[in-house]
There are 2 protein chains.
Amino acid sequence: MNKVFKALSDPTRRRVLQLLRRRPMVAGELAEHFEVSKPTMSAHFAVLRGAGLVETERNGKTIIYRLKMSVLEDALLGFTQAFGLEIQSKEASIVSGDRHRKESGS
Amino acid sequence: MNKVFKALSDPTRRRVLQLLRRRPMVAGELAEHFEVSKPTMSAHFAVLRGAGLVETERNGKTIIYRLKMSVLEDALLGFTQAFGLEIQSKEASIVSGDRHRKESGS
DNA sequence: ACAACAATTAGACGATTAGCTAAATTACGA
DNA sequence: TCGTAATTTAGCTAATCGTCTAATTGTTGT
């Protein structure tokens with residue numbers, strides 16, 4: 001869970017997650033939304049992947065990034081619960097390609 | 001708020017906030033819960049204060065730290081809303097300026 | 001096989017971070 | 001006023017971070 005918070009501590013990475021919330025995206029497409037270089041974005045992606053917040057799938061020349069909503073939820077849940085806060089999904093659509101899968105992450 | 005997320009990115013600081021959730025605490029008392037030096041803890045406190053997550057009050061020789069729950073909530077709220085998540089307090093008051101009084105037990 | 005494209009890795013750099021010890025500050029009590 | 005206690009500030013170090021350019025890897029189409 002610490003890796004998740006570390007990942008969330010950078011505004012660029014938070015924005016990446018928000019973009020991925022809409023739909024999975026290809027690395028280059030994602031990178032276009034930001035003003036930093038592609039290698040820099042690649043490093044951000046690596047941090048997000050290391051935290052288990054995104055997963056990748058190769059598709060020919062491109063690599064698709066997909067948000068793992070359940071990992072984000074679980075981390076947020078674990079933290080907020082310790083503060084007497086409750087977190088829940090408004091929409092049933094935590095889906096968008098991802099199936100609220102249980103997966104062991106770091 | 002970026003400063004809040006930066007502040008939350010360190011596990012020691014997250015634990016400080018959780019300790020403060022129970023009741024306001026004096027700096028030294030708080031520091032006893034950790035294995036690092038007092039100056040190091042002082043630096044952590046400064047980060048939390050800089051993020052607006054805690055407020056201080058001098059009381060003679062000691063300095064009392066108090067959690068500003070509303071600031072934490074607002075940051076979490078702003079973030080989670082962008083993901084279609086809902087966050088709410090299990091306890092009654094989410095009021096701004098909440099003093100977090102101790103209620104029934106623990 | 002090769003050129004073009006997508007993305008990552010390598011290597012470097014300055015800025016920030018978390019940690020330490022020692023010194024300074026602030027308040028209290030004898 | 002002096003000594004002690006609580007905390008912060010100063011100054012340092014090692015590690016990590018975000019960024020860059022250049023080079024590398026992997027894939028496709030010709």
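Side chains included, hydrogens not; waters and symmetry mates left out as well; all remaining heavy atoms used. Throughout, protein chains are lettered first and strands after them, A, B, ... in sequence-line order, and every chain is numbered starting at 1. What you see is a predicted model; the values in this text were computed from it and never measured.
The CZ-P distance, from B/Phe45 to D/dT7, rounds to 8 Å in whole Å. Separating the CG atom of B/Leu48 from the C1' atom of C/dA18 is a distance of 14 Å, rounded to the nearest angstrom. In this structure, CD1 of A/Ile64 is placed 14 Å from C1' of D/dT27, rounded to the nearest angstrom. Straight-line distance from the CG atom of B/Asn59 to the C1' atom of C/dC28: 12 Å, rounded to whole Å. If you take CD of A/Glu32 and P of C/dA7, they are 9 Å apart, rounded to a whole angstrom. Going from atom CZ of B/Arg15 over to atom P of C/dA18 covers 16 Å, rounded to whole Å. The interatomic distance linking A/Leu8 (CG) with D/dC17 (C1') rounds to 16 Å, in whole Å. Between the P atom of C/dT8 and the CZ atom of A/Arg49 lies a distance of 6 Å, rounded to the nearest Å.
Side-chain contact between B/Arg58 and B/Ile63: present, with at least one pair of heavy atoms (C-beta onward) separated by less than 4.5 Å. Side-chain contact between B/Leu53 and B/Lys3 is absent, with no heavy atoms from C-beta onward closer than 4.5 Å.
Residues satisfying the side chain to side chain donor-acceptor pair (under 3.5 Å) criterion with A/Thr56, sequence neighbours excluded, are absent altogether. Under the rule for a salt bridge (Lys or Arg N to Asp or Glu O under 4.0 Å), the partners of B/Glu57 that lie at least two apart in sequence or sit in another chain are B/Arg66. Contacts of B/Glu29 classified as salt bridge (Lys or Arg N to Asp or Glu O under 4.0 Å), with partners at least two apart in sequence or in another chain: B/Arg23.
Checking A/Lys6 against A/Ile63, the closest nucleotide of DNA chain C that is more toward the 5' end is the one next to A/Ile63. Sequence order on DNA chain C of the closest nucleotides to B/Arg13 and A/Ala43 puts A/Ala43 first from the 5' end.
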Throw together a table of side-chain donor-acceptor distances under 3.5 angstrom for residues 77-87 of chain B, partners on residues two or more places apart or in other chains.
{"residue": "B/Thr80", "atom": "OG1", "partner": "B/Leu76", "partner atom": "O", "Å": "2.8"}
{"residue": "B/Thr80", "atom": "OG1", "partner": "B/Leu77", "partner atom": "O", "Å": "3.2"}
{"residue": "B/Glu86", "atom": "OE1", "partner": "B/Gln88", "partner atom": "NE2", "Å": "3.3"}

Output a table of donor-acceptor pairs, distance under 3.5 Å, between side-chain atoms of residues 13-20 of chain B and any protein atom two or more places apart or on a different chain; print 'none' if there are none.
{"residue": "B/Arg13", "atom": "NE", "partner": "B/Ala7", "partner atom": "O", "Å": "2.8"}
{"residue": "B/Arg13", "atom": "NH1", "partner": "B/His44", "partner atom": "ND1", "Å": "3.1"}
{"residue": "B/Arg13", "atom": "NH2", "partner": "B/Lys6", "partner atom": "O", "Å": "3.3"}
{"residue": "B/Arg14", "atom": "NH1", "partner": "B/Leu8", "partner atom": "O", "Å": "2.6"}
{"residue": "B/Arg14", "atom": "NH2", "partner": "A/Asn2", "partner atom": "OD1", "Å": "3.0"}
{"residue": "B/Arg15", "atom": "NH2", "partner": "B/His33", "partner atom": "O", "Å": "2.9"}

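Heavy atoms of B/Val47 sit nowhere under 4.0 angstrom from any nucleic acid atom. Looking at heavy-atom distances under 4.0 Å, B/Tyr65 makes contact with sugar-phosphate atoms alone, never a base.
Checking the phosphate oxygens (OP1, OP2) of D/dC17, no side-chain nitrogen or oxygen of A/His44 falls inside 4.0 Å.
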Produce the list of close N/O pairs, under 3.5 Å, pairing protein atoms with atoms of nucleotides 20-26 of chain C; give distances to one decimal.
{"residue": "C/dC20", "atom": "OP2", "partner": "B/Ser37", "partner atom": "N", "Å": "2.8"}
{"residue": "C/dC20", "atom": "OP2", "partner": "B/Ser37", "partner atom": "OG", "Å": "2.7"}
{"residue": "C/dC20", "atom": "OP2", "partner": "B/Thr40", "partner atom": "OG1", "Å": "2.6"}

